[in-house]
Amino acid sequence: MVAPVRVRFAPSPTGEPHVGSLRTALFNYLFARQHRGTFIVRIEDTDRSRLVPGSDQRMFDALAWIGITMDEGPPVGGPHRPYVQSERLVLYREHAATLVAAGHAYECYCTTERLARLRAQGSVATMYDRTCRDLTEEERSQRRASGAPTVIRLKVPESGTFAHRDLIRGEVSFAASTVDDTVLMKSDGFPTYHLAHVVDDHLMEISHVIRGEEWLPSLPKHLCLYQAFGWAPPQFAHLPLLLGKDRSKLSKRHGSFSVQRFQDEGYVPPAVANFLALLGWNPGDERELFTLDELIHAFSLERVQPSGAVFDETKLAWMNLQHLRRFSDDEYGAQVQMYLKRIPSGVGERPPPWFALLARAVRERVKRFADIPALIGFVEALPPYEPRLLVPKKHTAAQARDGLAVARQALQVLPEAHWNVDAIRQGLDQAGQQVGDRTSVLWTTRVAITGQAVSPPVYESTALLDRAEALQRLSVAEERLNALR
RNA sequence: GGCCCCGUCGUCUAGGCUGGUCCAGGACACCACGCUUUCAAUGUGGUAACACGGGUUCGAAUCCCGUCGGGGCUACCA
């Protein structure tokens with residue numbers, strides 16, 4: 001019987017949730033669910049200077065948005081509460097004291113100024129010079145009496161090797177001589193990430209630590225801590241980094257990659273989850289469209305790649321369209337309605353059927369909801385256009401005038417109650433037959449209705465307008481055509 | 001500088017552990033043509049990669065060594 005799977009996602013509440021964090025959360029979640037394990041969220045807020053109030057809640061919202069549910073964490077509680085590190089300070093102090101008492105850690109009285117100077121001059125080694133490591137008891141009480149700020153440092157063995165079998169990279173090892181005597185407890189009484197993380201993971205019985213590759217260099221420190229405490233370390237899996245176009249770690253330099261931004265641009269949660277999952281993982285066959293549930297079944301840590309992955313938004317957009325297709329017109333319309341309400345779109349109040357119609361008009365020509373407003377701007381106001389635009393290529397103004405006239409007649413006979421796409425399509429198609437030239441009917445109508453050469457389909461575009469408004473625009477167009485010589 | 005990780009089409013990747021079926025497969029993007037007298041979507045076709053150099057072997061994208069390249073970390077931040 002193997003130990004139950006317990007994984008955790010441990011974000012720092014330092015700002016807007018980022019897609020990189022979301023991916024780490026997702027991999028942890030998929031792994032937990034697949035193994036019928038437990039997914040825990042823990043807030044790592046040990047750095048008071050970088051704390052941004054409210055960002056923990058933003059992160060919970062981002063997780064919920066993409067469909068990740070947590071089994072233990074600040075909002076839901078759990079057997080190992082509290083799940084916020086700033087509320088667990090006593091625990092860290094006790095454990096740090098234990099380490100000092102056992103000779104695995106020591107107090108350090110060096111000032112930050114001295115340490116900075118040390119780093120500045122030493123171009124070779126940037127590690128702590130261990131000045132306070134072997135002080136006598138007398139020397140220590142002397143320093144303490146002088147009121148010097150104190151930190152606690154890990155006493156790393158001078159020789160030996162820290163090795164571990166990473167689930168994604170295989171054997172990784174570090175010579176103890178290259179491992180720094182890291183600070184465990186800061187002078188403000190808060191633990192550093194290293195101490196808090198190891199203590200919590202052990203206390204919370206974490207079985208697998210799945211985190212970004214940027215943590216790989218601190219693995220030996222953590223292994224050293226487990227050793228010092230006499231605890232068995234969990235398994236580790238270091239995920240490949242998410243990269244920008246220039247192949248460096250995704251950061252602000254590359255623009256915004258906040259979860260918020262993707263919501264604002266109208267990407268849907270299953271598409272984002274699908275895309276993020278495929279960054280560094282693949283199912284081993286040629287499938288690439290997955291729902292969250294399908295991901296849970298297909299996922300495996302063994303199939304996660306070790307090399308970094310460039311975040312290609314073009315592919316995300318394509319994938320978004322694929323997921324958008326799973327909505328019916330009504331569902332799609334409802335989503336768009338909610339979306340347009342969130343952003344300033346210029347689209348006024350409309351009944352749900354109107355949005356279903358809108359869905360029909362735009363759904364195959366839009367990859368993200370953010371592209372919709374530009375496509376349907378003509379609905380609220382007819383854009384100015386050159387009368388010449390009404391004349392199709394290889395046609396004369398007279399032909400256009402005829403086509404338009406027949407089109408208007410065909411639509412005019414439609415009563416208000418029959419003002420719908422099907423009737424409009426029928427009317428215009430018949431008009432086209434009557435004239436014997438579809439182009440002169442359809443093209444002129446398109447321009448008259450939308451004021452543009454490029455627009456959603458004529459029938460839908462026309463139906464999106466009120467009957468009176470549509471007829472009005474056709475009349476206007478006829479006049480412009482008449483004025484054309 | 002030091003430590004560590006990584007290296008297949010522009011991008012995401014399959015294949016590598018168990019060498020031959022890979023003159024390297026799929027997807028996004030791109031190009032061409034078809035459909036549609038809009039745009040898009042879609043269909044068909046196409047361009048495009050095993051970083052380099054040595055080994056091992058009858059045979060290497062696959063194993064070994066080296067080089068080069070890229071990235072991460074190097075705080076009383078996570």
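Only heavy atoms go into these numbers, but all of them, side chains included; no hydrogens, no water, no symmetry mates. Throughout, protein chains are lettered first and strands after them, A, B, ... in sequence-line order, and every chain is numbered starting at 1.
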- Contact string for nucleotides 28-34 of chain B, one letter per nucleotide 5' to 3', B = base within protein heavy-atom range under 4.0 Å, S = sugar-phosphate only, - = neither, reads SS-----
- Item | Nucleic acid contacts - residues 372-383 of chain A versus RNA chain B, non-hydrogen atoms under 4.0 Å | none
- Task: Mind checking side-chain contact (heavy atoms from CB on, under 4.5 Å) for A:Val52 and listing every partner two or more places apart, or none if nothing turns up?
- Result: A:Ser55
- Task: Indicate yes or no: does A:Glu288 engage A:Lys315 in a salt bridge with an N to O separation below 4.0 Å.
- Result: yes
- So which pairs with a foot in residues 362-400 of chain A pass ring-ring contact (aromatic ring centres under 6.0 Å, His included), sequence neighbours left out? A:Tyr332-A:Phe369, A:Tyr339-A:Phe369
- Message: A:Asp437: which residues meet the salt bridge (charged side-chain N to carboxylate O under 4.0 Å, His left out) condition with it, sequence neighbours left out?
- Response: none
- Item | Residues touching RNA chain B, which here means a heavy atom under 4.0 Å, drawn from residues 219-227 of chain A | none
- Message: Taking A:Asp246 first and then A:Arg253, would you say they form a salt bridge - that is, a charged N and a carboxylate O separated by under 4.0 Å?
- Response: yes
- Message: Per the ring-ring contact (aromatic ring centres under 6.0 Å, His included) rule, what does the pair list look like for residues 151-192 of chain A, sequence neighbours excluded?
- Response: A:His164-A:Phe236
- Does the pair A:Glu107/A:Arg144 count as a salt bridge with the N-to-O cut at 4.0 Å? yes
- Item | Which nucleotide in B:U13, B:A41, B:C39 has an atom nearest any side-chain atom of A:Val454 | B:C39
- Evaluate side chain to side chain contact (heavy atoms under 4.5 Å, CB included) for A:Asp181 paired with A:Met127, printing each intermediate quantity in order. CA-CA 8 Å; A:Asp181 276 7; A:Met127 286 164 59; over 6 Å; no
- Strictly below 4.0 Å, heavy-atom distances to any atom of RNA chain B: list the hits from residues 298-306 of chain A, or just say none. A:Arg303, A:Gln305, A:Pro306
- Query: B:U42 pairs with which nucleotide, Watson-Crick or G-U wobble, both distances below 3.5 Å?
  - Reply: B:G34
- Message: Can you tell me which nucleotide in B:U38, B:A78, B:G72 comes closest to the side chain of A:Trp443?
- Response: B:U38
- Message: Tell me whether A:Arg50 is salt-bridged to A:Asp45, with the criterion being a basic N under 4.0 Å from an acidic carboxylate O.
- Response: no
- Query: So which nucleotide from B:C39, B:U42, B:U13 ends up closest to the side chain of A:Ala309?
  - Reply: B:U13
Short heteroatom pairs, N/O only, protein and nucleotides 43-49 of chain B, under 3.5 Å:
none

- May I have the step-by-step check of side chain to side chain contact (heavy atoms under 4.5 Å, CB included) for A:Val272 and A:Phe275, ending in yes or no? CA-CA 5 Å; A:Val272 175; A:Phe275 178 70; 5.8 Å; no
- Examine distances only and state if a side-chain atom of A:His202 and a backbone atom of A:Val198 form a donor-acceptor pair shorter than 3.5 Å. no
- Residue A:Ser12, side-chain atoms from C-beta onward, closest of B:G71, B:C3, B:A78: B:A78
- When the C1' atoms of B:G43 and B:U36 are considered, how many whole Å apart are they? 13 Å
- Query: Under the side-chain hydrogen bond (donor to acceptor under 3.5 Å, both in side chains) rule, what pairs show up with a residue in residues 166-177 of chain A, not counting sequence neighbours?
  - Reply: A:Asp166-A:His238
- Give me the ring orientation class for A:His18 and A:Phe257: parallel if the planes are under 30° apart, tilted from 30 to 60°, perpendicular past 60°. tilted
Restricting both atoms to N or O, compile the protein contacts to nucleotides 65-70 of chain B shorter than 3.5 Å, with distance only.
none

- Query: Ignoring hydrogens and geometry, is there a side-chain-to-backbone donor-acceptor pair from A:Ser248 to A:Gly244 under 3.5 Å?
  - Reply: no
- Message: Of the listed nucleotides (B:C6, B:U42, B:C4), which one gets closest to any side-chain atom of A:Ser307?
- Response: B:C6
- Per A:Tyr193 side chain, nearest of listed nucleotides B:C76, B:A78, B:C12: B:A78
- Contacts satisfying ring-ring contact (aromatic ring centres under 6.0 Å, His included) that involve residues 444-465 of chain A (not counting sequence neighbours) are none
- When rounded to the nearest Å, what value does the distance between P atoms of B:G25 and B:G46 take? 11 Å
- Starting from the 5' end of RNA chain B, give me the residue, A:Pro217 or A:Thr192, whose nearest nucleotide shows up first. A:Pro217
- Item | Which nucleotide in B:U38, B:C5, B:C77 has an atom nearest any side-chain atom of A:Arg50 | B:C77
- Item | B:U74 to B:C64 separation - P atoms, rounded to the nearest Å | 31 Å
